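Okay, structure first, notes after.
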Number of protein chains: 2
Amino acid sequence: MELDRIDRKIVATLMADATVPLARLADIVGLSQTPCWKRVRRLQESGVIRARVAVVDPERLGLGLTVFAGVSAPEQTPSWHDRFGELLDEIPEVMDAYQLAGNHDYVLRIVVPDMAGFDRIRQRITEAIPVREISANFALRRLKAQTALPIDTKSA
Amino acid sequence: MELDRIDRKIVATLMADATVPLARLADIVGLSQTPCWKRVRRLQESGVIRARVAVVDPERLGLGLTVFAGVSAPEQTPSWHDRFGELLDEIPEVMDAYQLAGNHDYVLRIVVPDMAGFDRIRQRITEAIPVREISANFALRRLKAQTALPIDTKSA
DNA sequence: GATGAAACTTACATAAT
DNA sequence: ATTATGTAAGTTTCATC
């Protein structure tokens, strides 16, 4: 599905704040309620808008430690990569995971209360699947954490 | 503010899906509507719940490339770090930024349409502030992208 | 904390233009 | 696409226990 300027403006607005009522959203994007509502619904049904979620401060939940873990595979087989993906899905502390084109095969962002919490995750991974190496970079400070994607709402 | 088991359950539920109506939320956490609503409001006003946002598929917006950029500071002065933080705030393509305790001083997650888009961000950074080094790791694939924090809703 | 209900807002659907 | 309208559903507040 192609997204025009109005669709992108709807998406940008809802990425910033999903609580804006339809009437105001329609006003922002320059439509009346009915067509605006149809677009929102279409964006949801087509999967452009995946969900609406609450953004919560991790510190306030006692989740003060973020670790970027690099994991390299012991072998370049599809089955290993598949199993690894399934394993990550089962570990909620693994917030994000990317396969890289660099030194390490994967980078994981792991969120835990403290160092002991991280070590538990590290163990859980190494006991569940063979890995060649796991490196860990600990975050001292979070400068920026954005959920809204950088979308251009001006051009056609 | 201390969060009890019910607060954590409210937060966990809304992190998974912020569209659940209050009546159902109350039912899930085992409260009636009014006290449940008061808790939600308190969680919002105290900043535990920061926002409610739409989660959007980056691919569908033409944002197919994620880059993890490592940036090291040329000097360890507070003013450099302050300026760097301000600079990152001005660049929407920089989704997340963490100061690390590892090799590189910072890691940035940058989301752009393509390699050219990344190079523009890289240039913008190096022209705005002196850096010792910028490394780039390109994501081949995103295995997991979670917004809900790993929170324990069972213990007291 | 629970209940019940009023007052208000929003979502959703439909019809006419 | 617009305006208008109507109903259902959800939110918020309040009084009472």
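Naming convention: chains lettered A, B, ... in sequence-line order (proteins, then strands); numbering from 1 in each chain. The structure presented is a predicted model; accordingly, all values stated were derived computationally and were not measured.
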Any base atoms under 4.0 Å from A/Pro35, or only sugar-phosphate, or nothing? Heavy atoms, all strands. base
Rounded to the Å, how far apart are B/Asp17 CG and D/dG10 P? 13 Å
Write down the distance between CZ (B/Arg24) and P (D/dA9), rounded to a whole number of angstrom. 14 Å
Starting at atom CZ of B/Arg42, determine the distance to atom P of C/dG1, rounded to an integer number of angstrom. 8 Å
How many Å lie between CD1 on B/Ile6 and C1' on C/dA2, as a whole number? 13 Å
What's the shortest heavy-atom distance between B/Ser155 and B/Asp152, and which atoms? OG-OD2, 2.8 Å
May I have the distance from B/Arg39 (atom CZ) to D/dT12 (atom P), rounded to whole angstrom? 17 Å
A/Leu140: which other cluster members, linking ILVMFWY side chains closer than 4.5 Å, directly or transitively? none
Write down the distance between CG (B/Leu22) and P (D/dT13), rounded to a whole number of angstrom. 12 Å
Quick test: give all pairs of protein nitrogen or oxygen and nucleotides 13-15 of chain C nitrogen or oxygen below 3.5 Å, distance rounded to 0.1 Å.
unit_1 : atom_1 : unit_2  : atom_2 : d
C/dA13 : OP2    : A/Arg41 : NH2    : 2.7

Before accepting this row, confirm whether a basic side-chain N of the pair B/Asp27/B/Arg24 lies closer than 4.0 Å to the acidic partner's carboxylate O. no
Does B/Cys36 or A/Ala23 map to a spot on DNA chain C nearer the 5' end, using the closest nucleotide for each? B/Cys36
So, B/Arg109 side chain and B/Thr66 main chain: donor-acceptor pair closer than 3.5 Å or not? no
Are A/Met15 and A/Val29 in one and the same hydrophobic cluster, where Ile, Leu, Val, Met, Phe, Trp and Tyr link if side-chain heavy atoms are under 4.5 Å apart? yes
Spacing between A/Asp27 atom CG and D/dA1 atom P, to the nearest angstrom: 16 Å
Would you say B/Arg60's side chain and A/Ile49's backbone share a donor-acceptor pair under 3.5 angstrom? no
Out of D/dT12, C/dA2, D/dT2, minimum distance to the side chain of A/Leu31 belongs to D/dT2
C/dC12 P sits how many Å from A/Leu25 CG, rounded? 12 Å
Quick check: does any side chain N or O of A/Arg52 sit under 3.5 Å from a backbone N or O of A/Thr19, one acting as donor and the other as acceptor? no
